[in-house]
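The structure appears below as C-alpha cells.
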Amino acid sequence: MSTATTHALQEATRATVRFAGDSGDGMQVTGGQFTSTSAMIGNDVATFPDFPAEIRAPAGTLPGVSGFQIQFGSIDIHTPGDAPDVLVAMNPAALKVNLPDMQPGATIVVNENAFVPANLKKAAYATNPLEDGSLAKWRVVKLPLSDLTREALKDTGLDPAEVDRCKNFLALGVMFWLYDRPLEPTIEWVNTKFKKKPQYADANNRALRAGFNFADTTELFTSHYRVRPATHLPPGEYRQLSGNEAIALGLVTAAKKAGLGAFYGSYPITPASDILHHLSGLKHYGVKTFQAEDEIAAIGGAIGAAFAGELAITGTSGPGVCLKSEAIGLAIMTELPLVVVNVQRAGPSTGMPTKTEQADLLQALFGRNGESPVAVLAPATPAECFTLSIEAARLALTHRCPVFLLSDGYIANGAEPWRLPDPAQIAPIPVQFATEAAGFKPYVRDPETLGRLWALPGTPGLEHRLGGLEKWDGSGNISYDPDNHHHMVALRAEKVARMKVADAEVVGPQEGDLLLLGWGSTYGALLTAAEQVRKEDGAAVSVCQLRSLNPFPKNLGQVLGRFKKVIVPELNLGQLCLLVRARYLVDAESFAKVKGRPFQVGEVVSKIRETLAQASGRSS
C-alpha cells in the first residue's frame with residue numbers, strides 16, 4: 001500500500017528554478033542534471049550558471065556562493081528567467097546573496113540544518129532569518145537536508161564528509177518531484193560517472209530517491225507542477241549544448257569542411273578554458289591542442305600553424321586579447337587565416353573573471369597599433385556559437401585574415417536544446433593551396449576576395465619570407481614606399497569590407513515606433529521584452545540582433561531608417577551605439593548595463609515603455 005500523500009498536480013507553461021550553495025555543494029552538477037532531464041523530456045530550456053570568482057572561498061561565506069538558474073517550459077524559452085519561482089538555498093550565505101532576486105510569494109527551499117550560529121555569522125546575519133519573521137513575504141519550506149541525507153545513507157559505509165556531499169542530490173530529488181521530472185536519466189548518469197566507484201553511485205542514487213520520496217510522502221508542498229514538452233521545437237534529434245562546447249564542435253566541423261587539420265593554441269583563462277578542454281578530447285578528428293605557457297606563445301603557435309596550412313584558432317578572454325594584440329597585427333600583416341575566440345568577461349584587468357560582460361567590442365575592432373582591420377562576429381545564443389564558429393573559419397580561410405568570434409560568459413556557460421544538424425547540409429569551405437612555382441608571388445591575390453596565395457612550407461619553388469614589416473603588393477617583398485603603404489592599408493580594410501555576411505533581420509514589425517538594436521547574448525532578453533510589449537501594449541516594437549559587427553550588414557542603414565527610435569541595449573557603456581551613431585548618423589540611444597549580469601526582461605520592458613511614453617509626450 002502506498003503511503004504517499006495526495007497532492008494536486010497543476011499545469012504550468014514555464015517555471016524558473018535556482019540552485020544556490022557553496023562552491024563545494026555541487027550546485028552546477030545539480031543544475032546540470034535538472035537541465036539535462038528537462039531537455040530529455042522535451043522542454044525548451046535556458047540556463048545561467050553563476051560561478052564565484054574565488055577558486056574555493058571559505059565555506060559558508062558570501063563570496064563563495066555558486067548558483068545555477070534554469071527556466072524551462074512548453075513554450076518558447078529565450079532566457080533563464082528574471083526571478084526564480086523556487087530558490088533552493090543550501091546555507092545562509094546562499095539565501096542572503098539570492099534573496100534580493102526573489103519576488104513576493106515565491107518559494108524558498110532551505111537546508112535548515114545549515115542555519116547554525118557559525119554559518120549565520122559568516123553570512124552576516126545578526127539573527128536567524130528562519131525564525132525572525134524577515135522571510136514572511138515568501139513561502140519558506142524548511143528541509144533538514146543534511147539530516148535526511150545522513151539517514152538515507154547511514155548504512156553505506158561512507159564517511160561523514162562523503163555522506164554530506166550527497167545532500168545536493170537529495171535536494172535535486174525534491175525538485176524532481178515538485179516539477180514531475182523522472183529520476184531515471186540522472187540515475188543512469190550517476191551509474192556511468194561512478195562506474196568504477198559503485199559505492200558513490202549507490203549513495204547518490206539513494207539520496208536522489210530519498211528526496212523524491214520525502215517530498216511525495218509529506219505535506220510540505222500542497223501541490224506539484226507538470227510542465228509539458230514543448231511543441232514549437234522542430235522534430236529532430238536534440239541534445240543539450242553550451243556555448244563553449246558549441247564553439248569547439250563548430251571549429252572541428254569547419255576544419256573538416258575545409259579538409260584541414262585544426263590547431264587550437266590557448267592559455268587557460270576563465271571563461272574560455274572549456275573550449276580547450278572540449279577540443280583536447282577530439283584528437284581523433286585531426287585536432288591539435290596546444291596549452292601554452294602564456295597568451296603570446298599560444299597565438300604564436302596558432303600563427304605558425306596557419307603558415308603550415310592548418311585551420312588556426314586561438315582562444316582567450318579580454319585580458320588575453322590584450323597580450324595577443326601585437327601578434328594579431330602580425331597575422332593581419334602576413335595575411336594568414338586565424339580565428340580569435342574571445343569569451344568576454346567583466347573587466348578591466350582581472351576584473352570579475354566569472355561574470356559576464358560585452359565590453360571588448362572596441363578592443364576587437366581597434367585594439368592594435370596602426371590600421372589593423374579584422375572581421376568581428378558575435379553569436380546570440382549557445383547554439384549560434386556552432387554556426388558562427390563555422391562562419392568565422394569560412395571568412396578567415398576565404399579572405400586570409402584574422403576573424404574575431406565574440407562570445408561571453410553568459411552564453412559560454414549557458415545551455416539550450418540544440419537540434420543536431422545534418423552534416424551534409426553544411427556547405428564545404430573550399431581551400432586551395434598554391435602549387436605552381438612558375439611566377440609565384442606570395443602576395444598575388446584573388447581579385448574578388450582579396451585573399452592572397454597560400455603556399456605550404458616545403459613546397460618546391462614556393463619558398464618565401466613572411467614577417468611584420470610592410471609588404472609590397474604582389475611580390476611580398478619588404479617595402480617602405482609611402483604610396484604602397486597607403487595602398488596596402490586600404491587593401492586590408494577593403495578585404496574585410498568585401499566579406500559577404502547575412503543581411504540584418506528584423507524580428508517583429510518591419511517598421512514602427514521602436515527598434516531594439518543588439519548584439520551577442522542580449523538577444524533572448526530583447527526578444528522576450530519586445531514580444532511582451534507588443535502583446536500587452538500593442539506597440540510596434542521590434543528587435544534587430546547583429547551577428548556581424550565588422551563588416552556591418554549592408555542593409556543595416558535601411559533597417560535603422562524605418563524606425564522612429566532606436567535603442568541599443570549592451571552590457572557595456574555604449575560601444576555599439578557609438579559605432580552606429582558615427583556610421584549611420586542616427587539618433588540611437590544607449591541602454592547600458594555593466595553589472596556582471598545579463599539583462600533581465602523586466603529591465604528592457606521598463607526601458608521600452610519609458611522611451612515610448614517620452615516619445616508620446618513629445619508628439620502630443
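These numbers come from the heavy atoms of this one structure, side chains and all, not from hydrogens, waters or symmetry mates.
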Near-ring test Y238/W418, centroid separation under 6.0 angstrom: no

What is the distance from atom OG of S389 to atom CD1 of I313, rounded to the nearest 0.5 Å? 9.0 Å

Check whether the side chains of S66 and Q28 place a donor and an acceptor atom closer than 3.5 Å, and report yes or no. yes

Would you check if there is a donor-acceptor pair between the side chains of H232 and D44 at a distance under 3.5 Å? yes

Return yes if some donor-acceptor pair links the side-chain N/O of D274 with the main-chain N/O of H277 below 3.5 Å, else return no. no

Closest non-hydrogen atom pair, A39 against V45: N-CG1, 4.2 Å

Under 4.0 Å between a side-chain nitrogen and a carboxylate oxygen: does that hold for D22 and K122? no

Tell me yes or no: between the side chains of Q545 and T522, is some donor less than 3.5 Å from an acceptor? yes

Rounded to the nearest 0.5 Å, how far does CD of E384 lie from OG of S407? 11.0 Å

Is there a side-chain contact between S317 and N342, using heavy atoms and a 4.5 Å cut-off? yes

Examine distances only and state if a side-chain atom of K96 and a backbone atom of A123 form a donor-acceptor pair shorter than 3.5 Å. yes

Does atom NZ of K564 have more than 12 heavy-atom neighbours, drawn from other residues, nucleotides or ligands, at distances under 6.0 Å? no

What closest approach, in Å, do N413 and P271 show between heavy atoms, and which atom pair accounts for it? ND2-CB, 4.2 Å

Between R609 and E536, is there a salt bridge with N-O shorter than 4.0 Å? yes

Salt bridge present between E326 and R368 (N-O < 4.0 angstrom): no

Under 3.5 Å, side chain of Q575 to main-chain N/O of L362, donor-acceptor pair present? yes

So, R498 and E494, do they make that salt bridge, N to O below 4.0 Å? yes

So V496 and V374, do their side chains get closer than 4.5 Å, heavy atoms only? no

In this structure, is the centre-to-centre distance between the rings of F72 and Y179 below 6.0 Å? yes

So which atom in Q69 and which in D82 form the shortest heavy-atom distance, rounded to 0.1 Å? NE2-O, 4.1 Å

Can we say R345 and D360 salt-bridge, meaning some charged N sits less than 4.0 Å from an Asp/Glu carboxylate O? no

For V86, is there any backbone N or O sitting under 3.5 Å from a side-chain donor or acceptor partner on T107? no

side-chain contact (heavy atoms from CB on, under 4.5 Å), that's the test. Do I608 and L516 meet it? Break it down for me. CA-CA 9 Å; I608 293 172; L516 298 175; 3.7 Å; yes

Donor-acceptor check, side chain of S616 to backbone of L612, threshold 3.5 angstrom: yes or no? no

Side-chain touch T356/R597, heavy atoms, less than 4.5 angstrom: no

Would you say D294's side chain and Y267's backbone share a donor-acceptor pair under 3.5 angstrom? no

Would you say V506 and V543 make side-chain contact, with heavy atoms under 4.5 Å? no

With side-chain contact (heavy atoms from CB on, under 4.5 Å) as the test, would you mind laying out the steps for L579 and F552 before giving the verdict? CA-CA 10 Å; L579 297 170; F552 280 136; 4.2 Å; yes

Point-to-point distance, once rounded to the nearest 0.5 Å, from CD1 of I299 to CG of L330: 8.5 Å

Going through the distances and angles, do F19 and M90 end up as a side-chain contact (heavy atoms from CB on, under 4.5 Å)? CA-CA 8 Å; F19 299 93; M90 303 297 284; over 6 Å; no

Considering residues, nucleotides and ligands other than E505, do more than 12 of their heavy atoms fall under 6.0 Å from its CD? no

Quick one: CG on L395 to NZ on K495, what's the gap to the nearest 0.5 Å? 12.0 Å

ring-ring contact (aromatic ring centres under 6.0 Å, His included): pairs with one or both residues in residues 494-524, sequence neighbours excluded: none

When every non-hydrogen atom of A327 is compared with those of I303, the smallest separation belongs to O-CD1, 3.2 Å

Quick one: are E531 and H78 in side-chain contact, heavy atoms under 4.5 Å? yes

With salt bridge (charged side-chain N to carboxylate O under 4.0 Å, His left out) as the criterion, how do E371 and R492 come out once you've worked through the C-alpha distance, each side chain's angles and the decisive distance to 0.1 Å? CA-CA 9 Å; E371 294 285 348; R492 289 187 286 262; over 6 Å; no

Taking side chain as C-beta onward, heavy atoms only, is Y125 less than 4.5 Å from L95? yes

Counting distance only, does the side-chain N/O of D408 pair as donor-acceptor with the main-chain N or O of V343 below 3.5 Å? no

Tell me, with the steps shown, if S266 and Q291 meet side-chain contact (heavy atoms from CB on, under 4.5 Å). CA-CA 5 Å; S266 182; Q291 180 175 320; over 6 Å; no

Salt-bridge criterion met for R239 and E245 (N-O under 4.0 Å): yes

Could you tell me whether the side chain of P402 reaches within less than 4.5 Å of the side chain of I332, counting heavy atoms only? yes

Would D101 and R18 pass as an ion pair if we require N to O under 4.0 Å? yes

Ring center gap for F48 and Y410 short of 6.0 angstrom: yes

Does K355 use its side chain to pair, donor to acceptor, with the backbone of F51 at less than 3.5 Å? yes

When rounded to the nearest 0.5 angstrom, what distance separates CG in L515 from CG in D513? 11.5 Å

Does E589 pair with K565 as a salt bridge, N-O distance under 4.0 Å? yes

Within this structure, what is the CG-CD distance for the pair N572 and Q358, rounded to the nearest 0.5 Å? 6.5 Å

Examine distances only and state if a side-chain atom of Q344 and a backbone atom of G318 form a donor-acceptor pair shorter than 3.5 Å. no

Mind checking whether Y264 and I275 have side chains closer than 4.5 Å, heavy atoms only? yes

Quick check: does any side chain N or O of N91 sit under 3.5 Å from a backbone N or O of A94, one acting as donor and the other as acceptor? yes

